[in-house]
Asker: 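Quick one: the structure is below, questions incoming.
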Amino acid sequence: MTGGTTVIVTGSTGFLGGFLTAALLRRGCRVISLVRPRNGSTPWQRMGRLMDFFGLRPGDDLEVVEAYLDEPGLGITEELAGDLRERADHIFHCAADTSFAARRSDEVLRTNVQGLMNVYGILSGSSHFHHMSTAYAAGAREGTCMERLEETGAFHNDYERSKHIAEVEITGACRRDGTRLSIYRPSIVYGDSVTGRSLRFSALYYPVRILLFLRDGFIRDIRERGGSRAEELGVSMGPDGSVTMPMTIPHREGWMNLIPVDHLVRTIMELMSSGAEGIFHIVNHRQNTLDDLLDLIGDHFGLDGISSVTGDRPGGPTPLEVLLDGYIKLYYPYMTDRRRFDDSGTRKRLDGMDLVCPQLDAASFGRCMDYAVEMEWGSRLRI
Amino acid sequence: MSEALNTARQCRHYAMCKIDYLGGGLCPGARDRYFVSFYPQGIMDIYADAAQGRIPVTPGMVDVAEACTLCGKCDLQCHFVTELRPTKAARGLKELVREHLATRDPVEAPADPVLEELRAIVGPGWATNDPAHLSAYSDDPCPISTKTLPKYVVLPGSTDEVAETVELCRRRGLEFTVRGNGSSVMGFVLSSGVVMDMARLRRMEFDEANWCVHVGAGISSYELQREAFGRGFLVNTAEPAALYCSNIICSGIFSLFSSALGTGADNVVDAEFVSWEGRHFHLSDREAPNHFAFVRRDMRAPGICTAATVRLHPLTGDESGIAVPFGDFDEALEYSRDLGRRGLGLGIGMLGVEYTATFMAPTTELARGMRRVLPQKLGIDYLVVVLGDPASLKAASELAPAVMDADMMRCLMLGMNSLTEDGVAEILEGLEGEDLPCRLLARPGMLPVLEAVLDPSPGNLAASVDEDMRDLYTDIYGRPEMTDLFLMNVFRTVSSRMGREGHVVAFIVYVPLDDPRAVWELHRAFEDVAGRFGVRGDLGFITPIDRGRMGVLEWDMYLDHTDEEEADRMRGAMAAAGKMLEEFSSGDPRFLWIRYLFNQGFCRKESFLYYQAQGK
């Protein structure tokens with residue numbers, strides 16, 4: 001990647017797309033962001049807030065185009081589409097719907113498959129097409145997942161399914177048209193390991209957020225209302241302010257594959273610069289376990305009583321566990337994962353570069369979570 | 001426009017200021033005066049007309065202005081359903097009258113021989129042609145009606161006086177119309193001749209031995225229900241401020257209780273009428289006209305109903321309510337129908353989000369928050385409310401995918417302020433399990449968790465209203481009838497909130513519940529009409545009747561009736577909805593628009609629900 005390269009980016013106002021857009025601009029690329037208006041904000045206002053977040057003051061090197069990826073023509077004129085095709089050296093498709101909820105599966109499939117193919121259909125020309133996928137497009141399985149398209153029919157949710165279908169479809173289309181294609185498969189991405197900053201607070205943040213939400217509710221109940229509800233559920237508060245919430249989380253002796261967004265972006269930038277094509281796993285070889293995470297939460301936030309349990313909970317879930325399950329059950333496959341991701345292709349491409357993925361530790365966890373709390377889990381960060 | 005005039009023009013004419021539904025007492029200025037002019041509703045109309053120069057200051061207006069004590073009772077009553085404060089208009093009227101009287105006398109209405117004849121019938125104080133009083137009977141918020149000033153307003157005190165007034169009108173060639181509580185949601189109660197107000201026919205005699213009550217035409221549904229309930233009985237009533245007899249004759253009474261108690265003639269033991277010729281008759285007379293039959297065309301009322309004897313239904317005293325949440329129309333409808341088929345519950349209603357949110361929330365802002373939270377965060381698109389004794393609720397619960405019981409509903413209502421906060425709403429949104437979030441929250445044992453999070457209490461809910469009203473709201477929401485699903489439906493204290501954000505146009509249709517797709521198509525057709533005309537609208541409710549074979553569906557459209565452009569769009573939407581309904585029912589006669597029941601409320605439900613079976 002060199003200065004002057006023109007990259008069309010979708011999903012710039014999202015988490016990964018936002019960090020990627022900032023990195024491209026910092027490298028001197030010209031970025032054309034396809035953005036839709038949202039919540040009364042224009043695409044330009046949204047991108048302005050994104051630039052403020054990153055402390056960037058782009059000039060002509062950032063161009064914002066109002067576009068709607070769910071429309072076959074992206075909601076742009078043929079003339080503009082032709083102009084974009086002409087100018088783009090790379091197209092980076094980051095836009096995605098990351099919901100795991102079954103009730104939203106239609107939207108997820110539409111956004112992640114149809115949206116991708118709309119972008120490809122309208123904008124692909126001689127440019128290099130980059131697709132942000134996920135390591136979990138491999139589907140529900142155990143063992144090692146390779147950096148290639150593999151047949152699979154089982155998925156933990158429709159998000160995984162949609163990303164798998166999207167990979168198949170974009171690969172087929174690019175093969176047919178002779179388009180250069182790179183597919184990036186990150187594992188679970190969290191905030192910047194150095195600064196703690198993030199644009200989204202889902203995935204790793206979800207269990208922390210719900211636990212703190214419940215903790216705060218019980219603290220209010222204990223301090224302001226006599227604590228009868230807390231007592232009923234076995235919740236107590238120590239003299240030091242620490243709260244004990246008796247809860248267990250089912251464990252199947254797997255692990256969590258977590259990567260910070262700074263590592264993801266650095267890796268992608270290097271892969272893009274190398275001109276590499278193919279499928280790339282961007283994962284962590286130093287994995288965390290569910291127990292690690294519970295320890296980090298307990299130590300950082302003064303929360304006790306939460307532990308993992310192998311197999312079913314004896315006596316069934318308590319009301320607190322029902323709620324916790326409802327909130328993060330869809331994440332359990334990723335918190336106790338038994339998949340391993342072969343990334344030999346990626347490592348081979350990056351051979352000689354100092355790109356070691358940092359492990360989530362107490363320091364980086366603290367930075368990321370403190371930032372999330374400061375940003376009120378995103379309420380103060382509307383892009 | 002002054003704040004006082006703006007307030008006055010916003011009156012919804014629901015007459016909630018004429019019933020003591022909050023227990024704080026009625027407007028003292030209106031006591032024993034009966035004319036709607038003396039109630040806040042009348043004061044608002046009179047002030048709006050006077051402030052816009054439509055009527056002069058008259059002796060009647062002076063009486064009205066002087067009668068008002070500015071006690072503020074109406075502010076709470078009106079605020080509770082519309083967030084309006086009528087004392088602003090009352091102060092405006094007092095000021096306007098004071099300024100006029102400082103320099104001039106009031107303008108007397110001209111002497112009128114017809115008025116004298118009317119007064120000879122009803123007494124000098126109960127007939128008037130004073131423009132101020134006429135103003136209070138000239139408005140009808142129905143968007144297709146035009147403000148019409150009558151020549152006379154008459155308040156008969158007996159059936160004989162009604163008959164004599166009718167006879168006089170016939171003799172003088174005067175058109176007349178009969179009003180219940182001052183106006184009606186349906187409209188069509190305007191006349192350029194005589195408006196007869198039934199408010200003085202106040203007879204209410206209970207015959208508990210025979211499980212019935214004799215009700216005069218001036219008794220409101222609320223008054224009747226409150227008295228019956230105190231005696232351990234339930235009456236199938238609908239809108240609380242509607243006068244009960246007029247409500248029957250208008251369309252027959254349908255409510256959530258109609259699933260068990262029926263509609264039309266089901267609850268009528270007898271009724272007393274004055275025919276359009278001025279003749280008395282009772283429905284039970286062998287020679288009486290047959291008002292139990294149904295004719296599928298626009299019909300005039302069979303006469304003036306001056307009293308009715310209606311059934312009392314004994315209560316067990318342990319009735320309560322549950323709410324069953326659904327994200328799918330067909331599932332909710334099938335559940336409602338199934339309950340009807342099994343004869344479970346004393347009342348059943350499938351409510352849309354608009355109804356649920358609007359009824360639950362004490363303010364517009366909270367209602368808007370709930371309209372967002374219910375479907376988007378909790379996954380509730382429809383709520384089936386089931387009312388009944390513990391045994392029937394247990395059976396209904398066993399058939400339900402999830403149940404929000406009375407305690408949980410109370411928690412959600414009193415915790416609404418927290419529930420609609422961004423932080424909590426986002427947490428709820430994170431409930432991405434395979435089932436609806438509301439079903440997860442409805443699991444056994446979840447209540448203390450919700451209570452810890454939402455901190456439900458009357459005081460917390462009251463924090464959403466204006467500061468000077470908070471103590472009053474705290475007191476009101478501490479009462480069970482504000483949060484208990486059963487009592488909320490018995491007294492219907494919150495149902496008038498449907499008009500809080502503007503006036504409502506309600507479309508009522510009898511629908512075949514055994515064909516959920518067809519009912520869904522009708523729902524979509526209404527959505528299409530509302531969408532085409534840019535009118536806000538939603539499914540109100542569907543209640544199964546006739547053991548779940550049929551249902552009564554209400555679909556509502558909302559407008560600011562003081563906005564001419566909006567009223568124009570509503571007129572268009574009403575015409576389009578009417579055309580759609582005609583097409584719908586001509587293609588499928590199982591659908592019956594209530595337009596064809598209008599004025600036939602005393603007919604047997606079998607006459608219209610089994611219309612085809614009669615070979616008609």
Side-chain angles (χ1 to χ4, degrees), chain A residues 98-105 108 156-159 201-203 205-207 209-222 224-235 245 247 316-332 376-380 382, chain B residues 325-329 331 372 374-382 401-402 405 407-408 410-411 414-415 417-460 463:
Chain A
T98 57
S99 174
F100 290 175
R103 63 197 149 94
R104 296 197 57 219
S105 62
V108 169
H156 288 116
N157 50 57
D158 282 327
Y159 169 72
F201 303 92
S202 53
Y205 298 86
Y206 266 30
R209 184 179 180 183
I210 185 66
L211 290 171
L212 294 190
F213 178 74
L214 291 171
R215 179 200 65 172
D216 294 346
F218 288 120
I219 287 175
R220 277 197 305 274
D221 183 56
I222 291 166
E224 299 167 20
R225 304 189 291 271
S228 61
R229 288 132 181 174
E231 192 178 349
E232 198 173 331
L233 296 159
V235 178
M245 292 199 298
M247 301 166 88
T318 65
L320 280 175
E321 289 164 348
V322 168
L323 190 63
L324 186 71
D325 286 354
Y327 204 71
I328 61 172
K329 194 172 185 177
L330 293 171
Y331 291 91
Y332 286 166
E376 296 172 5
W377 309 96
S379 298
R380 294 180 53 200
R382 300 289 186 202
Chain B
F326 290 92
D328 180 82
F329 184 92
E331 278 181 34
R372 181 173 49 85
L374 288 173
Q376 292 173 21
K377 315 294 182 187
L378 291 174
I380 301 175
D381 288 296
Y382 306 96
D405 65 11
D407 290 337
M408 174 149 295
R410 184 169 188 276
C411 173
L414 297 183
N417 254 338
S418 306
L419 191 61
T420 52
E421 278 173 7
D422 281 351
V424 177
E426 281 185 20
I427 287 287
L428 290 170
E429 196 170 24
L431 289 167
E432 288 203 328
E434 288 156 11
D435 214 344
L436 300 175
C438 57
R439 290 184 179 163
L440 189 142
L441 295 176
R443 297 259 187 97
M446 200 59 79
L447 187 61
V449 183
L450 269 181
E451 286 179 337
V453 169
L454 299 180
D455 188 19
S457 74
N460 273 4

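So that the names make sense, note that chain A is the first sequence line, chain B the second, and so on, each numbered from 1.
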Asker: Ignoring hydrogens, what is the shortest heavy-atom contact between B:Pro448 and A:Leu233? Give both atom names and the distance.
Answerer: CB-CD1, 3.8 Å

Asker: What's the spacing between A:Thr318 OG1 and B:Met446 CE if we round to 0.5 Å?
Answerer: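 Here the interatomic distance stands at 8.5 Å.
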
Asker: Show the nearest heavy-atom pair for residues A:Asp221 and B:Ala452, with the distance to one decimal.
Answerer: CB-CB, 4.5 Å

Asker: A:Leu323 and B:Leu441: side chain to side chain contact (heavy atoms under 4.5 Å, CB included), yes or no, with the steps?
Answerer: CA-CA 7 Å; A:Leu323 190 63; B:Leu441 295 176; 3.6 Å; yes

Asker: So, A:Arg220 and B:Asp455, do they make that salt bridge, N to O below 4.0 Å?
Answerer: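 Salt bridge between A:Arg220 and B:Asp455, a charged N being under 4.0 Å from a carboxylate O: no.
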
Asker: Taking everything shown except A:Glu231 itself, do over 12 heavy atoms lie less than 6.0 Å from its CD?
Answerer: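 No, because the 6.0 Å sphere around CD of A:Glu231 holds 12 heavy atoms or fewer from other groups.
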
Asker: Distance from B:Leu447 atom CG to A:Glu232 atom CD, nearest 0.5 Å?
Answerer: 7.5 Å

Asker: Show the nearest heavy-atom pair for residues B:Pro444 and A:Pro319, with the distance to one decimal.
Answerer: O-CG, 4.3 Å

Asker: What part of A:Leu214 gets closer than 4.5 Å to chain B, counting heavy atoms only: side chain, backbone, both or neither?
Answerer: side chain

